[in-house]
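Below is one structure, written out as structure tokens, with a few remarks after it.
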Amino acid sequence: MDQPNPLVPGQIVRSKAGHDKGTVFLVLEIADAKHVWVTNGAQRPLARPKKKRVMHLQPYRDKISGIETMKQDTSWNDAKVRELLAPYTGNRRRRENVIKRCN
């Protein structure tokens, strides 16, 4: 029996397996109970998101709220995704500042 997908669009995740192990991604949408579509704005741009198994992703507690409205905005691009994910490869204080601006 399949368990429901614990991830939600806008959630920050880190890859635990595969050639992209350790890479931080943003969940774009839920594909099915076992898969999600993710992007990082660099190797996986918005035009070519990666389908990734949920079991191969480590979720962060942080979520970017309003991702559905952001996707419809004309300023939503790969640079914006990289800006949102940058704090998760850097220090904690910068991450908190970005989360405050996005929520």
Side-chain angles (χ1 to χ4, degrees):
M1 186 169 150
D2 290 335
Q3 292 185 10
N5 192 329
L7 302 177
V8 295
Q11 187 156 16
I12 309 296
V13 294
R14 183 182 53 83
S15 175
K16 296 191 301 186
H19 69 276
D20 56 8
K21 182 178 179 179
T23 305
V24 177
F25 291 103
L26 176 68
V27 175
L28 285 179
E29 57 187 75
I30 308 301
D32 55 43
K34 294 183 180 182
H35 297 89
V36 293
W37 291 98
V38 296
T39 184
N40 66 356
Q43 296 86 5
R44 284 297 172 170
L46 289 166
R48 197 171 49 92
K50 180 171 181 65
K51 187 175 183 181
K52 193 89 169 145
R53 284 186 66 118
V54 172
M55 67 184 288
H56 294 157
L57 296 171
Q58 174 66 46
Y60 283 65
R61 282 184 244 155
D62 298 332
K63 297 174 187 156
I64 306 301
S65 62
I67 188 136
E68 294 303 321
T69 56
M70 280 188 203
K71 284 198 249 183
Q72 297 169 1
D73 189 6
T74 57
S75 66
W76 179 248
N77 56 28
D78 292 320
K80 180 70 172 173
V81 172
R82 288 191 303 271
E83 178 186 337
L84 291 171
L85 296 179
Y88 297 91
T89 58
N91 66 29
R92 182 183 172 111
R93 185 173 23 197
R94 183 166 176 201
R95 174 177 35 201
E96 290 169 354
N97 289 337
V98 170
I99 294 297
K100 287 178 187 174
R101 283 189 310 200
C102 292
N103 291 332

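Numbering of residues begins at 1 and proceeds along the displayed sequence.
Take R48 and apply the side-chain contact (heavy atoms from CB on, under 4.5 Å) test, not counting sequence neighbours, and it matches R44, P45. Applying the side-chain contact (heavy atoms from CB on, under 4.5 Å) criterion to K21, with sequence neighbours excluded, gives no partner residue. With sequence neighbours left out, R82 forms a side-chain contact (heavy atoms from CB on, under 4.5 Å) with A42, D78, A79. Every side-chain hydrogen bond (donor to acceptor under 3.5 Å, both in side chains) that Q43 has, sequence neighbours left out, goes to N40.
If you chain together hydrophobic residues whose side chains sit under 4.5 Å apart, L85 and V36 never meet in one group. Placement of V27 and L46 in two distinct hydrophobic clusters is found when ILVMFWY residues are connected by side-chain heavy-atom separations under 4.5 Å, directly or transitively. Transitive grouping of hydrophobic side chains (ILVMFWY, heavy atoms separated by less than 4.5 Å) keeps L26 and L57 in distinct clusters. Side-chain heavy atoms closer than 4.5 Å link hydrophobic residues (I, L, V, M, F, W, Y) into clusters, and following such links, possibly through other members, connects I30 to V54. Note on I64: it clusters hydrophobically with L28, by side-chain heavy-atom contacts below 4.5 Å among ILVMFWY residues.
Note that CD of E29 is 10.5 Å distant from NZ of K51, once rounded to the nearest 0.5 Å.
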Per-pair distances, 0.1 Å, donor-acceptor, side chain in residues 8-18, under 3.5 Å, sequence neighbours excluded:
residue: Q11; atom: OE1; partner: V8; partner atom: N; Å: 3.3
residue: Q11; atom: NE2; partner: Y60; partner atom: O; Å: 3.0
residue: S15; atom: OG; partner: A17; partner atom: O; Å: 2.9
residue: S15; atom: OG; partner: D20; partner atom: OD1; Å: 2.9
residue: S15; atom: OG; partner: K52; partner atom: NZ; Å: 3.3

